[in-house]
Amino acid sequence: MTLRMSLLGLSAALMLTALAMVFFYAPTDIVLGVSQRIFYVHVPLALVGFLAFAVVAVCSIGYLWKGSERMDNAAYAAAEIGVLFTSLMLITGMLWAKPAWGVWWSWSPQLTTSLILWFLYAAYLMLRAYAPPGETAARYAAVLGIIGFIDVPIVYMAARWWRDLHPNKVLGPLAEESALEPPMQLTFLVSILAFTALFAWLMAERTELRRQEIQVERMRYTYGEA
């Protein structure tokens, strides 16, 4: 069994386990009711989106340093997946906000900085899609990928630096002890593992597909010149 097939099997098993725990194991929140279950999807999407953009930044630094095509391909793939996860995070956030806050969207600091993050990496993808292929475009994209990551800690710290409507953090240095009941905490951790495994599988698939795309482009260029 290949690594990609193993990652697919692992992510599928973890995702099914997480869904079963969300609907049949985790208790219903007393204050927010059933809508709180979106939390088990919304927050892992946000965290794994942050992880994806961290991969973009690290691989972009590696590309600028070594000029490695593999680093550039990994950064490109991570940016695509990060934008996908962040888009789903924003959508699930709006689905939660309507019953919780009475509005689909609020220009709170955390939401605003999250939207800025989405625009930054959407710009990264537009640069990769529309700039002429070559090292120049890859270098510009790498610089944007590094600068864009500066917004990730700002999103996390927004609730501390400015007044925000979001609930208290449940993970990281700002998390409060006993913020979640043990069944909720276990379900949350399994959901994070499921989305992390999904990210790893998507990264492996997209990086390999990107490698094949480049090979096809080079063959087309070679035979076109012949």
Side-chain angles (χ1 to χ4, degrees), residues 38-66 71-72 74-94 96-97 100-101 105-128 138-180 184-185 188-189 191-200 202-203 206:
I38 297 176
F39 159 86
Y40 301 109
V41 175
H42 173 69
V43 179
L45 281 170
L47 294 175
V48 179
F50 294 165
L51 172 64
F53 296 141
V55 172
V56 176
V58 170
C59 291
S60 295
I61 292 171
Y63 175 73
L64 292 176
W65 185 20
K66 297 286 188 179
M71 288 286 185
D72 183 48
Y76 197 169
E80 289 181 325
I81 301 167
V83 169
L84 172 64
F85 276 45
T86 307
S87 301
L88 294 173
M89 179 267 287
L90 292 171
I91 292 170
T92 53
M94 287 190 288
W96 177 83
W101 298 338
W105 181 266
S106 167
W107 291 101
S108 69
Q110 195 158 11
L111 284 174
T112 304
T113 51
S114 297
L115 185 61
I116 291 172
L117 185 67
W118 185 89
F119 275 120
L120 284 169
Y121 284 95
Y124 176 100
L125 296 183
M126 290 181 68
L127 176 60
R128 300 306 301 255
R139 287 183 177 277
Y140 284 151
V143 172
L144 181 56
I146 296 167
I147 293 174
F149 185 71
I150 296 172
D151 193 42
V152 170
I154 295 175
V155 173
Y156 182 80
M157 296 298 295
R160 169 67 65 88
W161 291 341
W162 304 289
R163 296 184 62 183
D164 196 277
L165 297 172
H166 270 80
N168 295 329
K169 293 284 185 296
V170 295
L171 196 68
L174 298 184
E176 294 184 356
E177 291 187 7
S178 305
L180 292 174
M184 291 180 169
Q185 194 170 40
F188 177 55
L189 292 176
S191 294
I192 291 176
L193 287 175
F195 280 97
T196 303
L198 178 62
F199 167 71
L202 290 173
M203 270 294 295
R206 186 64 185 100

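Along the sequence shown, residues carry numbers from 1.
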Could you pull out all residues at least two apart from M203 that satisfy side chain to side chain contact (heavy atoms under 4.5 Å, CB included)? V55, A74, A77, A78, I81, F199, T207
In Å, rounded to the nearest 0.5 Å, how long is the span from CG of L144 to CG of L127? 6.5 Å
Please lay out, stage by stage, how F188 and F39 fare under the test ring pair (Phe, Tyr, Trp, His ring centres under 6.0 Å). CA-CA 8 Å; F188 177 55; F39 159 86; 5.0 Å; yes
Taking the inter-plane angle between the rings of W107 and W105 on a 0 to 90° scale, is it parallel (under 30°), tilted (30 to 60°) or perpendicular (over 60°)? perpendicular
Can you check whether L117's main-chain N or O pairs, donor with acceptor, with D151's side chain at less than 3.5 Å? yes
What's the verdict on salt bridge (Lys or Arg N to Asp or Glu O under 4.0 Å) for R128 and D72, showing C-alpha distance, side-chain angles and the deciding distance? CA-CA 11 Å; R128 300 306 301 255; D72 183 48; 2.9 Å; yes
Quick check for you: to the nearest 0.5 Å, what is the distance between C59 atom SG and L64 atom CG? 11.5 Å
Not counting sequence neighbours, which residues clear side chain to side chain contact (heavy atoms under 4.5 Å, CB included) with I38? List them please. H42, T92, L95, W96
Could you check L90, T86, L120 and say which one makes a side-chain contact (heavy atoms from CB on, under 4.5 Å) with L115? L90
Parallel, tilted or perpendicular: ring planes of Y121 versus F53, cut at 30 and 60 degrees: parallel
Between V143 and Y140, is any pair of side-chain heavy atoms under 4.5 Å apart? no
When you compare the side chains of S87 and W118, does any donor N or O come within less than 3.5 Å of an acceptor on the partner? yes
In this structure, CG of L202 is separated from CG of L84 (nearest 0.5 Å) by 7.5 Å
What I'd like to find out is whether the side chain of I116 reaches to under 4.5 Å of the side chain of V155, using heavy atoms alone. no
Side chain to side chain contact (heavy atoms under 4.5 Å, CB included) for Y76 and V56? Distances and angles first, verdict last. CA-CA 7 Å; Y76 197 169; V56 176; over 6 Å; no
Between Y124 and I147, does a side chain to side chain contact (heavy atoms under 4.5 Å, CB included) hold up when you go through it step by step? CA-CA 11 Å; Y124 176 100; I147 293 174; over 6 Å; no
Going through the checks in order, is the side chain to side chain contact (heavy atoms under 4.5 Å, CB included) test met by M184 and Y40? CA-CA 9 Å; M184 291 180 169; Y40 301 109; 3.1 Å; yes
Check whether any side-chain heavy atom of F85 lies under 4.5 Å from a side-chain heavy atom of L198, and answer yes or no. yes
Can you see which heavy atom on S60 is nearest to which on A75, and at what distance? OG-CB, 3.9 Å
Where do M71 and K66 land on the side chain to side chain contact (heavy atoms under 4.5 Å, CB included) test, with the steps shown first? CA-CA 9 Å; M71 288 286 185; K66 297 286 188 179; over 6 Å; no
Return the CD1 to CH2 distance between I154 and W161, rounded to the nearest 0.5 Å. 6.0 Å
